[in-house]
S.K.: 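This is the structure, below, for whatever I ask next.
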Amino acid sequence: MRARPKPAARGGIALRRPRTEDDLLTGLPLRTRFVADAGRELAREPGAPAALLCLDVDRLKTVNGVLGYEAGDSLLLGLAQRLAQLRTTVGVRCGRLSGGTFVALVPLADAQGWRTAVSQLQAVLNHRQLWHGQTLDLTVSIGVALHPDHGLGTETLLQRAEQAMFEAKRLRTEVALYDPEFEADRLSHLSLLSELETAIADGQLRQFLQPKLGVADQRLASVEALVRWQHPVRGWLPPSEFVPFAESTGRIRQITQWMLEQAIATLARWRAEGREAPPIAVNISTLDLQDGLLPARIEALLSRAGVPAELLQLELTETGLMASTQDPIHVMHSLRRLGVRLAIDDFGTGQSSLAYLQRLPVHELKIDRSFVDGVDQDAKRQELLGSIITLGHGLGLQVSAEGVENAAELAVLKRLGCDLVQGYLLAKPMDVARFEAWMEPAALAL
Ligand code: C2E
Ligand code: MG
Ligand code: MG
């Protein structure tokens, strides 16, 4: 028989010796044993309130990718150790489901007690670790399913807690309680996804355009293309209804291809009509960046339409870049060599390190709208926004801000030296015809 490695003693953490149904790294029970043990515990007192928690370590992929798997393992061990302590102190039963996903069964005095229990867990679990001189902040996203309200069996509860955890990640709320509506939403999104292919072929997608203006010269600097779906039954659908699901199933590539064709066709038409065409920015997803053929496809589309590459911009979200399983940088370099302009979208939400940012061959940093919202009323946030703008300029990048909704926010951005602004204050996304009408007298008094 092959000798099993000693129970995890790495990083100074010693957990008890694992059994075969236990995880070798952390010593915690794996899924099968957890389900059996938790099932027995729940069956002992059938009506007793309890919360089943699905906990997923945030940014584990980033830590693995940037600092290496040993750093990731060290985070997981830190978390496992804290979970194991909770077993002795408050009777929480824990297990490891996979990768950075853990599970915990928490006894409750009553169903309402779940919030307090989760806060107590968060206080223990979210912590800071030092790893070879690097500070690693460990936080977890938590999905909660309640026994007996959301199910009696451990498998059902586990599946529901997992669904809630995905919702917490998607909405970036840290914690989400299972809601039967999730299931209805999931089914509705699934049926939308199956209709997407027809939607593209039947011309149900629309290109909307929203301008970005220079703060200093008040001129139209570029336009962002945003997809809308004019669904024959459900009416106008915003991207939030289908883009995230298209991303998780790979269908996003069809949307990207469609949008690139539309944007390039619009640019070609503007040029043919002798208009002074602003560049158009197209949003692309993480999956697109893993497609080594993307630069060649874009080059072919541009040359077929006779549109210079400088007129096309691509926006890549910071979280997308960080979540990329392959290093997206070489595709980005090929795109840049083509002459396409690159921007990091929703900057500030993805926690990229300065070292990583420096490696990205981008031209523009687009600050997420959460930093702009109400910034005029909060001196601390103005300081933060100012630091991001200084950071972008320090890296030699143009800095833009999205979601500018009122004059006071705009005044702050102007004072802090932001280069470009986009938002409802200046113009909402419009269909192409309305945008063209808007573009004529586009000089706005900022
Ligand atoms: P994004 O790229 O960050 O786009 C900006 C979003 O902010 C747009 O939402 C826009 O309508 C909205 N917005 C603009 N100004 C304001 C404002 O002043 N206040 C507020 N509250 N919102 C403002 P939209 O069109 O719903 O798009 C949402 C996201 O969907 C986009 O975020 C982008 O990530 C994604 N998306 C849109 N079109 C495409 C596409 O063709 N392909 C891909 N991959 N993603 C797309
Ligand atoms: Mg964008
Ligand atoms: Mg954005």
Side-chain angles (χ1 to χ4, degrees), residues 170-172 196 199-200 204-213 222-230 236-264 266 279-291 294 298 312-321 323-324 328 341-350 362-376 388 399-410 413 418 420-432 434-435 438 444:
R170 190 173 74 84
L171 302 172
R172 298 190 208 137
L196 191 56
I200 297 176
Q204 294 169 16
L205 296 190
R206 299 274 179 278
Q207 173 191 214
F208 269 50
L209 297 174
Q210 186 183 27
K212 238 193 266 184
L213 304 188
S222 62
V223 199
E224 179 171 12
L226 295 159
V227 68
R228 301 284 182 270
W229 183 350
Q230 197 174 19
W236 284 101
L237 296 177
S240 56
E241 287 288 314
F242 58 97
V243 164
F245 308 95
E247 269 171 347
S248 58
T249 56
R251 291 262 162 92
I252 193 69
R253 288 187 182 182
Q254 290 165 277
I255 298 182
T256 305
Q257 179 70 17
W258 178 85
M259 192 49 112
L260 285 168
E261 286 168 11
Q262 297 296 309
I264 291 171
T266 305
I280 298 186
V282 170
N283 292 285
I284 65 168
S285 80
T286 328
L287 273 181
D288 297 309
L289 278 183
Q290 295 177 16
D291 174 6
L294 181 73
I298 292 183
L312 182 68
Q313 305 189 348
L314 298 174
E315 293 191 2
L316 329 155
T317 61
E318 190 195 13
T319 32
L321 284 169
S324 194
R341 224 182 122 80
L342 303 175
I344 305 182
D345 204 352
D346 302 344
F347 183 74
T349 56
V362 296
H363 304 82
E364 181 184 330
L365 211 66
K366 200 172 175 192
I367 302 173
D368 189 65
R369 68 166 173 270
S370 55
F371 292 88
V372 175
D373 185 22
V375 70
D376 53 298
I388 301 179
V399 179
S400 58
E402 61 177 24
V404 184
E405 292 188 354
N406 60 54
E409 290 166 353
L410 179 61
L413 286 162
C418 185
L420 301 170
V421 277
Q422 179 186 31
Y424 294 167
L425 174 69
L426 313 157
K428 288 199 167 176
M430 300 167 254
D431 64 30
V432 178
R434 282 193 47 220
F435 176 77
W438 178 91
L444 292 184

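Model, not experiment: these values are computed from the prediction. The first residue in the sequence is number 1, and the count goes up from there. Ligands are counted one by one from 1 in listed order, and the atoms in each one are counted from 1 as well.
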S.K.: Which atoms of ligand 1 are found less than 4.0 Å from any heavy atom of Val404?
M.R.: 18 (O)

S.K.: Could you work out, for atom 17 (C) of ligand 1, the closest of Phe242, Trp258, Tyr424, Phe208 by heavy-atom distance?
M.R.: Tyr424

S.K.: Does any N/O atom on Asp346 come nearer than 3.5 Å to any N/O atom on ligand 1?
M.R.: yes

S.K.: Please list the nearest protein heavy atom to atom 36 (N) of ligand 1 with its residue and the distance rounded to 0.1 Å.
M.R.: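 The closest one turns out to be Pro239 CB, 4.0 Å.
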
S.K.: Which ligand 1 atoms does Gly423 reach within 4.0 Å, using its non-hydrogen atoms?
M.R.: 15 (N), 18 (O)

S.K.: If I take atom CG from residue Leu365 and atom CG from residue Leu420, how far apart are they, to the nearest 0.5 angstrom?
M.R.: 11.5 Å

S.K.: Does only the side chain of Gln210 get under 4.0 Å from ligand 1, or the backbone, or both, or neither? Count heavy atoms.
M.R.: side chain

S.K.: Would the number of heavy atoms belonging to other residues, nucleotides or ligands and lying under 6.0 Å from CZ of Arg434 be above 12?
M.R.: no

S.K.: Of the side chain and backbone of Thr256, name the one, both, or neither that has a heavy atom under 4.0 Å from an atom of ligand 1.
M.R.: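 It is neither part, as no heavy atom is under 4.0 Å.
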
S.K.: Which atom names give the shortest non-hydrogen contact between Pro239 and Arg228, and what distance separates them?
M.R.: CD-NH1, 3.3 Å

S.K.: Restricting to N/O/S, name the atom of Glu224 that gets closest to the Mg ion (ligand 2).
M.R.: OE2

S.K.: Is it true that Val243 lies under 4.0 Å from ligand 1, counting heavy atoms only?
M.R.: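 Yes, Val243 has heavy atoms under 4.0 Å from ligand 1.
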
S.K.: Should the pair Arg341-Glu364 be classified as a salt bridge under the 4.0 Å nitrogen-to-oxygen rule?
M.R.: yes

S.K.: Please report the closest heavy-atom contact between Trp258 and Gln207, naming both atoms and the distance.
M.R.: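 Taking Trp258 first and Gln207 second, the nearest heavy atoms are CH2-N, 3.6 Å.
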
S.K.: Which single N/O/S atom of Glu315 lies at minimum distance from the Mg ion (ligand 2)?
M.R.: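 Of all N, O or S atoms belonging to Glu315, OE1 is the one nearest the Mg ion (ligand 2).
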
S.K.: To the nearest 0.5 Å, how far apart are CG in Asp368 and CD in Glu402?
M.R.: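 Output value for this atom pair is 5.0 Å.
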
S.K.: Please find the N/O/S atom of Asp346 nearest to the Mg ion (ligand 3) and write down its name.
M.R.: OD1

S.K.: Run down the list Arg228, Glu241, Glu247, Glu224 and name the one with the heavy atom closest to atom 25 (O) of ligand 1.
M.R.: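 Nearest heavy atom to atom 25 (O) of ligand 1 lies in Arg228.
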
S.K.: Is there a donor in the side chain of Asp373 and an acceptor in the side chain of Ser370, or the other way round, less than 3.5 Å apart?
M.R.: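 Note: Asp373 and Ser370 side chains miss the donor-acceptor criterion.
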
S.K.: Identify the protein heavy atom lying closest to atom 34 (O) of ligand 1, giving its residue, its atom name and the separation to 0.1 Å.
M.R.: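 Heavy-atom neighbour on the protein nearest atom 34 (O) of ligand 1: Asn283 OD1, 4.4 Å.
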
S.K.: Just which atoms of ligand 1 are under 4.0 Å from any heavy atom in Glu402?
M.R.: 3 (O)

S.K.: Could you report the tightest heavy-atom contact between Pro211 and Gln422, atom names first, then the distance?
M.R.: O-CG, 3.5 Å

S.K.: Where the closest heavy atom to atom 20 (C) of ligand 1 is concerned, which of Lys212, Glu405, Met259 has it?
M.R.: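 The residue whose heavy atom sits nearest atom 20 (C) of ligand 1 is Glu405.
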
S.K.: Using heavy atoms and a threshold below 4.0 Å, how should the contact between Pro429 and ligand 1 be classified: side chain, backbone, both, or neither?
M.R.: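 It is the side chain that gets close, since no backbone atom is under 4.0 Å.
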
S.K.: Side chain, backbone, both or neither: which applies to Lys428 and ligand 1 if a contact is any heavy-atom pair less than 4.0 Å apart?
M.R.: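 For Lys428, no heavy atom sits under 4.0 Å from ligand 1.
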
S.K.: In Å, rounded to the nearest 0.5 Å, how long is the span from CD of Gln257 to CG of Asp291?
M.R.: 9.5 Å

S.K.: State the CD1-CG distance between Ile367 and Asp345, to the nearest 0.5 angstrom.
M.R.: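 Between Ile367 CD1 and Asp345 CG, I get 11.5 Å after rounding to 0.5 Å.
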
S.K.: So, Glu402 and the Mg ion (ligand 2): N/O/S under 2.8 Å, yes or no?
M.R.: no

S.K.: Checking a contact table here: which protein heavy atom is nearest atom 7 (O) of ligand 1, and how many Å away?
M.R.: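 Sorting protein heavy atoms by distance from atom 7 (O) of ligand 1 puts Arg369 NH1, 2.8 Å first.
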
S.K.: Apply side chain to side chain contact (heavy atoms under 4.5 Å, CB included) to Glu241 and Trp236, showing your working.
M.R.: CA-CA 10 Å; Glu241 287 288 314; Trp236 284 101; over 6 Å; no

S.K.: Quiz question for you: does at least one protein heavy atom lie closer than 4.0 Å to atom 9 (O) of ligand 1?
M.R.: no

S.K.: Closest heavy-atom contact between Ala281 and Glu315?
M.R.: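 Smallest heavy-atom distance, with atoms named: CB-OE2, 3.7 Å.
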
S.K.: Please determine whether any non-hydrogen atom of Gly403 lies less than 4.0 Å from an atom of ligand 1.
M.R.: yes

S.K.: In Asp345, what N, O or S atom is nearest to the Mg ion (ligand 2), if we give its atom name?
M.R.: OD2

S.K.: Please list, in number order, the atoms of ligand 1 under 4.0 Å from a heavy atom of Asp345.
M.R.: 1 (P), 2 (O), 3 (O)

S.K.: Would you verify that at least one protein heavy atom lies under 4.0 Å from atom 32 (O) of ligand 1, or report that none does?
M.R.: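 No, there is none.
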
S.K.: What atoms in ligand 1 come closer than 4.0 Å to a heavy atom of Ile252?
M.R.: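 Counting from 1, the qualifying ligand atoms are 44 (N).
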
S.K.: Which atom pair, heavy atoms only, marks the closest approach of Ile284 to Leu314?
M.R.: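 Here Ile284 and Leu314 meet closest at CG2-CD2, 3.9 Å.
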
S.K.: For the CD1 atom of Ile280 and the OG1 atom of Thr266, what is their distance to the nearest 0.5 Å?
M.R.: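 Ile280 CD1 to Thr266 OG1: 5.0 Å, rounded to 0.5 Å.
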
S.K.: Hey, what do you get for CD (Gln210) to NZ (Lys428), rounding to the nearest 0.5 Å?
M.R.: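 Here the rounded value is 9.5 Å.
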
S.K.: Of all the heavy-atom pairs spanning Val372 and Gly403, show the shortest one and how long it is.
M.R.: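 Taking Val372 first and Gly403 second, the nearest heavy atoms are CG1-O, 3.9 Å.
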
S.K.: May I ask you to identify the nearest protein heavy atom to atom 38 (N) of ligand 1, giving residue, atom name and distance to one decimal place in Å?
M.R.: Val227 N, 3.1 Å

S.K.: Any N/O/S atom, backbone or side chain, of Thr317 lying under 2.8 Å from the Mg ion (ligand 2)?
M.R.: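 Thr317 does not place any N, O or S atom closer than 2.8 Å to the Mg ion (ligand 2).
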
